There are 2 protein chains.
Amino acid sequence: MSKALIIDDEQQMRRLLRMVLESRGYEVCEAADGQLGLQEAAFHRPDVVLLDLGLPGLNGIEVLKRLREWSDVPVLILSVRDQEAIKVEALENGADDYVTKPFGTAELLARLTVIQRRRFTRQSAEIVVGALKLDLLHHEASLDEVPLKLTPTEFALLKVLAEHAGRIVTQNQIIKQVWAGQTSDPSEGLRVHINHLRKKLGETGPRIVNEPGIGYRLEEA
Amino acid sequence: MSKALIIDDEQQMRRLLRMVLESRGYEVCEAADGQLGLQEAAFHRPDVVLLDLGLPGLNGIEVLKRLREWSDVPVLILSVRDQEAIKVEALENGADDYVTKPFGTAELLARLTVIQRRRFTRQSAEIVVGALKLDLLHHEASLDEVPLKLTPTEFALLKVLAEHAGRIVTQNQIIKQVWAGQTSDPSEGLRVHINHLRKKLGETGPRIVNEPGIGYRLEEA
DNA sequence: CCAAGGCGTTAAGAAAGTGTAAAAGCAGCG
DNA sequence: CGCTGCTTTTACACTTTCTTAACGCCTTGG
């Protein structure tokens, strides 16, 4: 049985969600603001979090960031309509999916199931893109079964790209994930590391393609 | 079934609109001036408002502003020809679209459908207009599942248009959103970027239609 | 009919972003 | 201290994108 944590300031919404979730066999706990939400998350270790973006005090994005500092728990965002920018920001900061209020219970449950399963399978300690293999557990990379010697940042960078292989990863997303919580400004250095990676990947492996003004994309060879 | 509120001082016009709308299954209420219009809107909570700009007393723009203080209801402006300045002002004050008198009923109904549809769709960080798909998270665009290569400004521009697909976006609105916080004057360059976008969208996809003196409208193919 | 303004289109220069190399900081370590 | 390996900074050539300007077309109004 799964534990769900609801972080929403509206009592009405919490009650509705609790009903829906409990009818599906979830064990439910609630928090009325971000501060409490983080405490609850730390204490109860939920299997999934439902997070309202329009929180008083600590806002939703902040809660998400703090949560992501120590937890991989799947997070479903509850947002009001027409807030595309905020939704995107939430997804970039590690949210797994979101629904816009008002939502149907069927849809809510479907998305919950999806993100929990995804998170489960994603825990595989390997990422494979064509001939490239990343072993997250041992921090080892190989190309055509030949070990690749990567520095820590190179590995982190390649990991971000490989996780979204075939799709564009924004420079901001890269920087957020590779240089998380650091002070120095990596905006210049990113190009250098990309350069190093390309050399190590050589001609045979996946290519790192630049999308000017936007970011990079790892393409299977 | 939808409720429509007609705010127009000409009885003849109200009668015509009522006929057209009721034949389409709308429930109709009327108001002969702005003051009454606001009262009716508050009381009946219509799903769409048809607002004449040439009202006696409280003028159309004023009514729109007051209405927008507490309601998101879609508003369709009824205006006479050659009032570009006023139309622009209305659109920038939250009107959703307009038709110029005299208008065809087909056009009227089409516009009504478009502006009402908007509020309910949209469930992801994607914007879909016919064959066109914009992925805001990855900054990727595709047409018929074929990737489109867009520059950053092209993407931003198309995003603004697509967000309001089927409706007019004034040049000011476009510029504000695409060139937010920049110093240079893009008023000339807008035409160039529109041109580029049109080429990339080709014949098959949605069309970018110009409304002279006002702005642009993205029309589903 | 002409004149004027808005628009589409094109081309070229300006600006911004990118690839690359080399050197300069910065730890850990013998 | 002087290595060594990694990261960051700096510099500059190169590519892509953006802006600007020019011109012709169409529509509107005299």
Side-chain angles (χ1 to χ4, degrees), chain A residues 139-141 147-161 168-175 177-203 207-219, chain B residues 79-85 87-88 100 139 141 147-161 168-172 174-175 177-203 207-219:
Chain A
H139 260 250
E140 288 168 353
L148 264 183
K149 189 166 159 47
L150 298 181
T151 71
T153 13
E154 282 164 11
F155 189 87
L157 175 52
L158 187 52
K159 175 186 160 204
V160 174
L161 292 174
I168 299 182
V169 190
T170 302
Q171 310 208 29
N172 276 334
Q173 290 173 272
I174 295 177
I175 290 171
Q177 295 198 46
V178 177
W179 283 271
Q182 295 191 19
T183 52
S184 61
D185 175 27
S187 51
E188 294 296 312
L190 174 56
R191 299 206 307 275
V192 178
H193 285 103
I194 291 280
N195 185 240
H196 292 160
L197 266 183
R198 289 211 253 237
K199 280 179 184 165
K200 293 188 180 178
L201 287 178
E203 306 293 325
R207 273 186 305 278
I208 300 175
V209 182
N210 169 252
E211 306 277 346
I214 304 176
Y216 293 88
R217 176 210 311 268
L218 186 69
E219 269 184 358
Chain B
S79 80
V80 296
R81 268 193 329 143
D82 301 336
Q83 295 195 339
E84 262 83 13
K87 287 183 215 163
V88 169
T100 50
H139 262 262
L148 266 184
K149 187 163 165 47
L150 300 181
T151 70
T153 24
E154 282 163 10
F155 189 90
L157 175 53
L158 187 52
K159 177 186 157 201
V160 173
L161 292 174
I168 287 200
V169 190
T170 68
Q171 311 205 19
N172 273 334
I174 295 176
I175 289 171
Q177 294 197 50
V178 176
W179 282 271
Q182 295 190 19
T183 52
S184 60
D185 175 27
S187 51
E188 294 298 313
L190 175 56
R191 297 207 308 276
V192 178
H193 285 104
I194 291 280
N195 184 241
H196 291 159
L197 267 184
R198 282 186 174 138
K199 281 179 184 164
K200 292 187 180 179
L201 287 178
E203 306 293 324
R207 273 186 304 279
I208 299 175
V209 182
N210 170 253
E211 306 275 347
I214 301 181
Y216 293 89
R217 176 201 304 271
L218 185 69
E219 272 185 354

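A, B, ... follow the sequence lines: proteins, then strands. Residue 1 opens every chain. A quick note: this is a predicted structure, and the numbers were derived from the prediction, not measured.
Residue contacts shown for A:Tyr216 are limited to sugar-phosphate atoms, with no base heavy atom under 4.0 Å away. When heavy atoms are screened at a 4.0 angstrom cut-off, B:Gly189 is found touching base atoms of the nucleic acid.
For A:Gln173, the side chain to side chain contact (heavy atoms under 4.5 Å, CB included) partners at least two apart in sequence or on another chain are A:Glu92, A:Val169, A:Thr170, B:Leu137. Scanning for side chain to side chain contact (heavy atoms under 4.5 Å, CB included) contacts around A:Gln177 gives A:Val160, A:Glu163, A:His164, with sequence neighbours left out. For B:Thr151, the side chain to side chain contact (heavy atoms under 4.5 Å, CB included) test picks out B:Thr153, B:Glu154, B:Lys200, with sequence neighbours left out. Listed by chain and number, the residues in a side chain to side chain contact (heavy atoms under 4.5 Å, CB included) with A:Arg217 are A:Ile168, A:Glu211, A:Glu219, B:Glu140 (sequence neighbours excluded).
A distance of 6.5 Å separates CD in B:Gln171 from CD1 in B:Ile175, rounded to the nearest 0.5 Å.
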Output one line per pair: protein atom, nucleotide atom from nucleotides 24-30 of chain C, and distance, for all N/O pairs under 3.5 Å.
none

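Proximity of A:Thr151 to the phosphate of D:dG5: no side-chain N or O atom is located under 4.0 Å from OP1 or OP2. Contact between the side-chain N/O atoms of B:Lys199 and the OP1/OP2 oxygens of C:dG8 is not found at any separation under 4.0 Å. Listed pair B:Asn210 / C:dC7 meets the phosphate criterion, a side-chain N or O lying under 4.0 Å from OP1 or OP2.
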Base versus backbone protein contacts along nucleotides 23-30 of chain D [heavy-atom cut-off under 4.0 Å; B, S, -]: ------S-
